[in-house]
*Asks:* 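Supplied in structure tokens, the structure appears directly below.
All heavy atoms count here, side chains included; hydrogens, waters and symmetry mates do not.
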Amino acid sequence: MRRIAITLLLIVISAFANAQTFINDEFVGKWWLGMLEEAVLPINITFERNTGKDNNIRPVLYSPIQTAEAMPASEWSYSGDTMRITHKSTGVKMVLVWNASEGTFTGTMRQGLMRSNMHFSPTDGIFKLNRPQTPNPPYPYSEQEVVITRKKAGVVITGTLSLPQGDGTYPAVVLVSGSGQQNRDEELMGHKPFKVIADHLARAGVAVLRYDDRGVGGTKGDVESATTLDFADDAEAVFDYLRKQPHINSKRVGIVGHSEGALIASIVASRNKRVAFIVLLAGQSCSGAEIMLQQNQAIYEANNVPQGLIDIRLKSLDAMFTIVDTAEASKVEALCRQVADSYCSKLSKEERKKINMRRADAIMLSSQLQIPWMKSFLKIDNRNYLTRVKCPILALGGEKDIQVPPSNLEEIKKLTSGRAETYLFPGLNHLMQHCTTGLPSEYFNIEETFAPEALSMLSSWILKISNM
């Protein structure tokens with residue numbers, strides 16, 4: 001699901017001020033690593049000599065999971081053993097104390113409403129993830145860059161077509177990513193699930209077209225006002241393009257969607273009878289509002305929040321959903337604050353914090369819920385599409401998925417009158433990884449990108465359907 005929260009969108013800036021000359025030259029070229037636990041992000045800090053006019057030493061931040069670019073401090077100072085760093089464009093402020101005996105920096109980092117304790121320990125260099133499933137060339141199949149233009153919509157879509165070896169025609173799939181603007185690999189925290197899936201399927205004899213979402217990579221188009229229905233139009237355009245390509249069996253082309261991408265697969269298949277099959281990976285069976293409430297229940301429960309407090313959060317959210325759908329935009333923030341205060345009137349500050357329903361949280365929620373994508377998503381109901389899908393359906397879920405709880409698989413089966421083949425994988429999360437709790441905070445630390453048993457079922461089912 002769409003992850004709307006304060007994150008470190010760390011970008012390069014050239015501004016530099018207050019350079020200090022008394023940082024020890026021994027710091028230059030060395031690295032320290034800290035972990036931002038709230039966002040599960042590693043942050044590196046090093047010191048580099050400014051090659052400009054002043055030639056002074058400056059601290060430089062790196063967030064290797066989000067960007068390979070360096071982020072020089074825009075302002076900083078060092079006095080005694082305390083260093084203060086500001087990165088203006090992201091609103092990041094750090095106060096770090098140097099511990100010479102341990103060779104570490106310890107302190108705090110702030111960004112907006114977020115505050116995190118930070119401990120930077122010496123490291124050999126910039127942080128690198130171990131993702132053993134990510135394939136590397138040479139590949140036993142070919143890859144082609146594609147460009148698909150939707151002139152009337154003002155959208156240009158870029159992607160990669162993986163073709164099995166040989167001169168025959170092949171069954172094929174379009175991969176559709178989950179919510180949030182993602183690249184063609186559906187890259188998240190160093191994982192590239194769509195690249196792993198494409199590699200597996202191409203080796204098995206299935207062609208795969210995966211593409212960048214709007215605003216990512218080379219894909220261009222309106223993002224700010226776009227909704228799930230707009231993204232479904234993009235996916236359908238990619239599907240129509242794939243059917244017409246050489247070496248593709250036009251009668252054996254399907255759509256594989258993950259999370260929101262599974263909803264999109266249902267939307268397209270419900271209206272386009274040329275879709276040969278769809279595969280729903282962690283797909284919802286209900287409306288966006290319902291899945292958001294299910295997700296909140298599961299996440300707060302997994303974090304050991306008492307059910308009484310969870311109920312208050314769910315009732316507050318449900319009331320806010322109604323507000324953003326019916327109230328004038330100018331009144332939404334005040335009404336959401338009133339809802340939070342009303343439902344939480346008997347709670348302590350600590351209890352309100354546990355369910356993220358403080359007044360500041362309500363203000364943030366009111367803003368997030370008014371994003372065009374979110375307003376639309378809350379009302380879109382997959383029941384309206386699944387019941388009209390006539391092609392074969394495979395729905396896969398993870399037992400420990402707390403973003404789209406596994407109960408949705410049962411409902412998909414019912415909505416399709418038993419036609420959908422469903423399978424719940426023990427121990428897998430929303431990304432189809434083996435996990436412990438299923439919480440999104442685990443995604444980063446898990447080295448596996450996509451469970452082998454899920455890959456095997458995906459390829460064997462597609463080949464079975466394509467040979468019928």
Side-chain angles (χ1 to χ4, degrees), residues 1-5 7-11 39-41 63-68 129 131 133-135 143 145-148 155-162 173-199 201 208-239 255-265 267-268 279-284 288 291 295 368 371-374 376-377 401 403-404 429-433 440 443-444 446 449-450:
M1 308 305 298
R2 184 170 293 264
R3 296 166 290 280
I4 302 177
T7 57
L8 275 86
L9 299 176
L10 301 175
I11 59 176
V40 200
L41 284 175
S63 181
I65 302 305
Q66 295 180 304
T67 176
L129 291 167
R131 300 293 184 245
Q133 283 181 290
T134 301
E143 287 196 325
E145 288 292 304
V146 301
V147 179
I148 303 161
V155 176
V156 177
I157 302 169
T158 56
T160 299
L161 173 60
S162 302
V173 298
V174 174
L175 301 184
V176 185
S177 71
S179 55
Q181 304 316 110
Q182 299 175 70
N183 65 22
R184 66 191 69 184
D185 295 329
E186 202 190 30
E187 189 168 357
L188 173 69
M189 296 186 184
H191 291 289
K192 298 180 179 181
F194 277 11
K195 187 169 186 176
V196 171
I197 292 172
D199 177 81
L201 291 179
V208 181
L209 179 48
R210 62 193 197 274
Y211 61 95
D212 301 318
D213 294 339
R214 295 188 188 190
V216 180
T219 297
K220 298 176 175 59
D222 174 43
V223 177
E224 297 301 319
S225 62
T227 69
T228 301
L229 298 178
D230 295 309
F231 299 141
D233 291 341
D234 291 348
E236 187 166 13
V238 175
F239 169 81
I255 303 174
V256 177
H258 174 238
S259 197
E260 185 193 12
L263 169 61
I264 289 171
I267 292 171
V268 176
V279 179
L280 314 180
L281 303 174
Q284 69 194 63
I291 206 66
Q295 182 183 106
Q368 294 168 352
I371 294 171
W373 174 88
M374 178 61 79
S376 172
F377 177 75
D401 186 344
Q403 290 187 254
V404 179
N429 61 18
H430 186 63
L431 300 187
M432 309 301 284
Q433 302 166 307
Y443 299 164
F444 174 84
I446 298 173
T449 294
F450 204 94

*Asks:* Are the side chains of V279 and I255 in contact, using a 4.5 Å heavy-atom criterion?
*Replies:* no
*Asks:* Passes side-chain contact (heavy atoms from CB on, under 4.5 Å), F231 versus Q181? Steps please.
*Replies:* CA-CA 10 Å; F231 299 141; Q181 304 316 110; 3.7 Å; yes
*Asks:* Return the CZ to CG distance between F194 and L201, rounded to the nearest 0.5 Å.
*Replies:* 11.0 Å
*Asks:* Say whether, by atom type as modelled, one donor and one acceptor occur between the side chain of Q182 and the main chain of S179 under 3.5 angstrom.
*Replies:* yes
*Asks:* Considering only heavy atoms from C-beta outward, does the side chain of V156 approach that of I148 to under 4.5 Å?
*Replies:* no
*Asks:* Do L161 and E143 have side chains that approach each other closer than 4.5 Å (heavy atoms only, starting at C-beta)?
*Replies:* no
*Asks:* Is there a side-chain contact between P193 and D185 (heavy atoms, below 4.5 Å)?
*Replies:* no
*Asks:* Is a side-chain donor-acceptor pair under 3.5 Å present for E145 with T160?
*Replies:* yes
*Asks:* Show the nearest heavy-atom pair for residues G190 and L129, with the distance to one decimal.
*Replies:* CA-CD1, 3.5 Å
*Asks:* Should V256 and V174 be marked as a side-chain contact (heavy atoms from CB on, under 4.5 Å) after you check the CA-CA gap, both sets of side-chain angles, and the distance that decides it?
*Replies:* CA-CA 6 Å; V256 177; V174 174; over 6 Å; no
*Asks:* Mind checking the CD-CD1 spacing from E224 to I371? Nearest 0.5 Å is all I need.
*Replies:* 8.5 Å
*Asks:* H191 side chain to I446 main-chain N or O, any donor-acceptor pair under 3.5 Å?
*Replies:* yes
*Asks:* Between F450 and L431, what is the shortest heavy-atom contact and its length?
*Replies:* CD1-O, 3.8 Å
*Asks:* Going from CG on L281 to CD1 on I197, what distance comes out if it is rounded to the nearest 0.5 angstrom?
*Replies:* 5.5 Å
*Asks:* If we only count heavy atoms from C-beta on, is the E186 to K192 side-chain gap below 4.5 Å?
*Replies:* no
*Asks:* Kindly compute the distance separating OG (S63) from CG (L41), expressed to the nearest 0.5 Å.
*Replies:* 5.0 Å
*Asks:* Side chain of R210, backbone of S162: donor and acceptor closer than 3.5 Å?
*Replies:* no
*Asks:* State which residues pass side-chain contact (heavy atoms from CB on, under 4.5 Å) with T158; sequence neighbours excluded, sorted by chain then number.
*Replies:* V147, R184, D212, T219
*Asks:* Can a donor-acceptor pair be found, under 3.5 Å and without considering hydrogens, that links the side chain of D401 to the backbone of Q403?
*Replies:* yes
*Asks:* Check whether any side-chain heavy atom of R214 lies under 4.5 Å from a side-chain heavy atom of V155, and answer yes or no.
*Replies:* yes
*Asks:* What I'd like to find out is whether the side chain of I291 reaches to under 4.5 Å of the side chain of F377, using heavy atoms alone.
*Replies:* yes
*Asks:* Nearest heavy-atom pair of V404 and S259: which atoms, and what distance?
*Replies:* CG2-OG, 4.4 Å
*Asks:* Provide the closest heavy-atom pair for Y211 versus L175 in the form atom of the first, atom of the second, distance.
*Replies:* CE2-O, 3.4 Å
*Asks:* Would the distance check show the side chain of D230 and the main-chain N or O of T227 forming a donor-acceptor pair, the cut-off being under 3.5 Å?
*Replies:* yes
*Asks:* Can you find a side-chain donor-acceptor pair between D213 and S177 that sits under 3.5 Å?
*Replies:* yes
*Asks:* Going from CD on E187 to OG1 on T449, what distance comes out if it is rounded to the nearest 0.5 angstrom?
*Replies:* 10.0 Å
*Asks:* Which atom names give the shortest non-hydrogen contact between G159 and L209, and what distance separates them?
*Replies:* C-CD1, 4.5 Å
*Asks:* Atom CD of E260 and atom CD1 of I267: how far apart are they, to the nearest 0.5 Å?
*Replies:* 8.0 Å
*Asks:* For A232 and V268, which heavy atoms make the closest approach, and how far apart are they?
*Replies:* O-CG2, 3.6 Å
